[in-house]
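Below: the structure, in C-alpha cells.
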Amino acid sequence: MIERPRGTNDFIPPESILREKIIKLISEYLKIFGYKLIETPIFEKSELFKRSVGDTSDIVLKEMYEFKDKKGRDLVLRPELTASVVRAVIQNRLYNNNHLKFYYIGPIFRYERPQLGRFRQATQFGIEYLGNPSFLADFEIIFLTQNLYRYIFNNFNIKNIEFKIHINSIGCNNCRPNYKQKLYEYFVNYEKDLCQDCQKRLNSNVLRILDCKNMVCRNISLNAPKSVDYLCLECKNHFENLLNLLKMNNINFVIDNYLVRGLDYYNRTVFEVKTILDNNTIDLAGGGRYDYLANFIDNNYNIAGCGFAGGLERLTLIINNYNPQKSFNMIKILFSLISEQKGLGIFKYLLSTIENINTNANLLKDNYSFYFSIDNSLKSALKLANNMDLDYIIFIGEQEIEKNIFQIKNLKTGKQKEFSLNEINLLVKNINDFLDKLNR
RNA sequence: GUGGGUGUAGCUCAGCGGUUAGAGCAGUGGACUGUGGAUCCACGGGUCGGGGGUUCAAAUCCCCUCACCCACCCCA
C-alpha cells in the first residue's frame, strides 16, 4: 500500500463538504469589505522567505520544503503567503494604489511533526491590506479577523465560543534597537539559566526569548523590560489610537507583553487569536503590521501593510467540536424504476427526469441531490434508499404505469402519495410543491 | 528535532509465546416476487503496518523501519 506522505490529508466527505462551505463563507464575507482574491504560486524562490520571514526564524531555519529544479534554481514550497502577496504586489506594479486589499486561501507547507490541528500541508486563509500606514488599517484587520470568525461560527450555530485576541506592539526601526538592547542587557544576566534555544536567541533574536514556553525562561521574562514602555512617540500614538478604536468597538483584547511572533517582518502591531479546546489553547490566527516587508524583498520599495492569516484545519477542528453535524441539510431524493421487464418504455420517465434536473440545476442547487436506480423489487429499492439515508423515493413500476401514476414516499415519515404520470414533467421544476402536497 | 502512546477483518476492538487468529457492528445471500430500518440462518472477508532476529513454536518477546495519535518546540 502506498500511503499519503506524512502530515498530509485526504479530505473526504463530510469533512470536504464542511471545508467547501467555510471557504465559501470566507470569500463572501471578505468581498463585502472590498477584499479581492489573490492567487500566487505554491512554490517560490527560497530567497523570498529567507529575506522576509527571516533567516533566524524557525520556519526558514528548519521547516521549509526546499528543492532545486532541473536548472538548479533554489525553490521552496511556500511556508506562508504574506511574503508572496507583497512580492506579487511589487512585481505587478500595484503599489500606487493606497488601498490594496487582498484575501487568499491556499496550501502552505512546513516540515514539522504533525499534531492536533498541525500538518505538513496546511491550508491558510488570510487578508492583506497594503499601502495604508494608519492605525485605521490595523483596526480594520483586527476587526475583520474577529468578525470573520464570528460570521463563520454563527453560520454553524456556534454561539458563546471564547476566542481571545492577544495584542502587542513591538515598535519600529527607531525604537526597537533600543528596546532590544535593553532586553539583551536584562537577559544576559541570566544567560546560564536560559534554555539552550534561548541562549542562542540572546544573540540572534533576543525578542523571541519572550515567546519561549520553557518555565525557567518564562519566569525570567516576567520582569523583563516591556516593549510598550520603549516605544517611540509615533509607535506609542499608533498603538494607543488602535487600542482606543478597539475599545470603542467593543472588541475584546488582552495586551500580551510576551507576544512577539516568530516572523521577522512584523513591526508595531502584532496580534493572535486564541481559543480553548479541551483545556488546550489553540492559535486560530495571527497577524500584524509589516511596513518593512516590501523593503526586505526589494529595497527600492516601501509599502506599508498589515494582515492576518488563519488555519483552515484548526477552524474545522473547532467547528466539528462544537457542532459535529454530519449532514448538510441537502434533501436527498431517489428516483427509482421498479421493473423486472426493463422494457425500453419505462426508461423514458427516468430520462426525462434527468433531463429536467439538468435544465433546472440552478433552482435545485444547494437544496437537493438526486440519485437514480433500477430495481427488481420495491423492497430492494427501499432497502437501498434506507441504507443511503435518503429523504424521499420517487418510484414508477408496472402497477404505476397501468394506473398512469407515479409515487412519492417520504422515507422519514412513511407518508406516500400518488400523482398523475401526466405531471411527471413538472416534477423537478415544482419539486417543492410536490413535496408540500405529500407532507401536508 | 525530543518524549509518550498506538498499528490485528470495511469500522470498533479482544487475543500478548502453544491447534487452522476471534467478537460486535458493517457486507452479501436466504427466510421475504410491490412497501424499508427488526429477527433468524448461512456465507464471504486477514501478507496480525513492513523488514529482520530469538525460539521446537511469534499477532504475542527483541531490534530496525513506516504510519497514525498526543505532548514539547514552533506555528495556522
Side-chain angles (χ1 to χ4, degrees), chain A residues 1-9 53 56-64 78-82 104-126 145 149 195-198 200-201 205 208 211-215 217 259-263 272-275 278-287 307-318 334 336-341 375-393 395-403 407-416 418:
Chain A
M1 176 62 199
I2 300 170
E3 290 156 330
R4 76 179 105 82
R6 179 155 212 207
T8 61
N9 281 105
V53 175
T56 59
S57 69
D58 283 6
I59 290 176
V60 168
L61 229 45
K62 50 192 189 193
E63 293 178 3
M64 290 209 299
R78 63 185 184 197
E80 62 115 37
L81 275 144
T82 302
Y104 57 78
I105 302 170
I108 59 152
F109 303 86
R110 291 181 195 174
Y111 190 88
E112 295 180 278
R113 245 164 117 169
Q115 210 180 301
L116 185 66
R118 197 178 80 179
F119 304 98
R120 290 183 172 182
Q121 176 174 339
T123 311
Q124 216 170 68
F125 60 89
T145 307
Y149 278 96
C195 73
Q196 285 196 336
D197 286 336
C198 284
K200 284 181 205 153
R201 286 171 183 149
N205 199 339
R208 291 279 312 288
D211 204 26
C212 188
K213 304 296 189 296
N214 181 299
M215 278 318 287
C217 302
L259 179 60
V260 298
R261 315 270 307 136
L263 291 71
E272 285 182 355
V273 182
K274 297 166 188 286
T275 189
D278 299 335
N279 293 327
N280 287 321
T281 303
I282 293 199
D283 291 357
L284 279 181
F308 90 90
L312 185 60
E313 286 75 23
R314 288 179 186 184
L315 182 52
T316 59
L317 192 70
I318 302 291
L334 176 67
S336 181
L337 296 180
I338 315 293
S339 170
E340 291 185 58
Q341 316 279 328
D375 298 278
N376 289 331
S377 71
L378 182 55
K379 190 187 183 75
S380 56
L382 285 167
K383 211 165 183 177
L384 174 72
N386 190 47
N387 280 344
M388 292 171 74
D389 191 32
L390 301 182
D391 299 285
Y392 294 93
I393 179 167
F395 63 93
I396 302 173
E398 273 94 4
Q399 294 178 17
E400 281 72 26
I401 291 178
E402 248 171 60
K403 291 159 70 181
Q407 308 263 16
I408 307 180
K409 184 183 177 81
N410 183 327
L411 289 157
K412 305 291 181 202
T413 65
K415 268 193 181 178
Q416 185 174 325
E418 48 190 56

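Below, all heavy atoms of this structure are taken into account, side chains as well, without hydrogens, waters or symmetry copies. Every chain is numbered from 1 and lettered A, B, ... according to where its sequence line falls, protein lines coming before strand lines.
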| said: Counting neighbours of NZ on A:Lys383 that are heavy atoms of other residues, nucleotides or ligands and sit closer than 6.0 Å, is the number greater than 12? | reply: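 It does not: A:Lys383 NZ has 12 such atoms or fewer within range.
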For the pair [X] (side chain) and [Y] (backbone), establish whether a donor and an acceptor sit closer than 3.5 Å, ignoring hydrogens and angles.
X        : Y        : value
A:Arg110 : A:Met64  : no
A:Asp375 : A:Ser377 : no
A:Tyr149 : A:Val273 : no

[X] has an atom [atom1]; how far is it from atom [atom2] of [N], in whole Å?
X        : N     : atom1 : atom2 : result
A:Lys379 : B:A38 : NZ    : C1'   : 11 Å
A:Asn9   : B:A67 : CG    : P     : 14 Å
A:Glu398 : B:G34 : CD    : C1'   : 10 Å
A:Ile396 : B:U35 : CD1   : P     : 19 Å
A:Asn386 : B:G27 : CG    : P     : 10 Å
A:Leu116 : B:C68 : CG    : C1'   : 13 Å
A:Glu418 : B:U35 : CD    : P     : 15 Å
A:Leu259 : B:C74 : CG    : C1'   : 14 Å

Paired with [N] by Watson-Crick or G-U wobble geometry, both distances under 3.5 Å: which nucleotide is it?
N     : answer
B:C72 : B:G1
B:U6  : B:A67
B:U47 : none
B:U35 : none

When we call it a touch if two heavy atoms are under 4.0 Å apart, what does [X] touch: a base, just sugar-phosphate, or nothing?
X        : result
A:Lys62  : nothing
A:Gln416 : base
A:Glu272 : nothing
A:Ala309 : sugar-phosphate
A:Gly397 : base
A:Gly7   : sugar-phosphate
A:Phe125 : nothing
A:Gly126 : nothing

Short side-chain N/O contact from [X] to OP1 or OP2 of [N], under 4.0 Å:
X        : N     : answer
A:Arg6   : B:C68 : yes
A:Gln115 : B:C72 : yes
A:Arg261 : B:A76 : yes

| Full working for side chain to side chain contact (heavy atoms under 4.5 Å, CB included) between A:Glu272 and A:Leu259 | CA-CA 8 Å; A:Glu272 285 182 355; A:Leu259 179 60; 3.4 Å; yes
| query | Given that A:Thr281 and A:Thr8 both sit by RNA chain B, which one's nearest nucleotide is further toward the 5' end? | reply |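 On the 5' side of the pair lies A:Thr8.
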| Residue whose closest nucleotide on RNA chain B lies nearer the 5' end, A:Val273 versus A:Asn410 |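 So the residue in question is A:Asn410.
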Of all the choices, [options], which nucleotide is nearest to the side chain of [X] once you look at every atom?
X        : options             : answer
A:Arg208 : B:C75, B:A76, B:G4  : B:C75
A:Asn387 : B:C32, B:G27, B:C70 : B:G27
A:Leu411 : B:G36, B:G34, B:A71 : B:G36
A:Asp283 : B:G36, B:C75, B:G34 : B:C75
A:Arg314 : B:C75, B:G36, B:G34 : B:C75
A:Arg113 : B:G36, B:C75, B:U2  : B:U2

[atom1] atoms of [N] and [M], separation to the nearest Å:
N     : M     : atom1 : answer
B:U28 : B:G44 : P     : 16 Å
B:G1  : B:C11 : C1'   : 35 Å
B:G3  : B:C48 : P     : 30 Å
B:U35 : B:C70 : P     : 49 Å
B:C72 : B:C13 : C1'   : 30 Å
B:C63 : B:U20 : P     : 28 Å
B:A14 : B:A9  : C1'   : 13 Å
B:G15 : B:U54 : P     : 28 Å

Any side-chain heavy atom of [X] sitting closer than 4.5 Å to one from [Y]?
X        : Y        : answer
A:Arg314 : A:Arg118 : yes
A:Asp58  : A:Lys62  : yes
A:Thr82  : A:Tyr104 : yes

Is the base of [N] touched by the side chain of [X] through a donor-acceptor pair closer than 3.5 angstrom?
X        : N     : answer
A:Arg118 : B:C73 : yes
A:Lys409 : B:U35 : yes
A:Glu112 : B:A76 : yes

| query | Which atoms form the tightest heavy-atom contact between A:Phe308 and A:Ala285, and what is the distance? | reply |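 Minimum heavy-atom separation between A:Phe308 and A:Ala285: CD1-CB, 3.9 Å.
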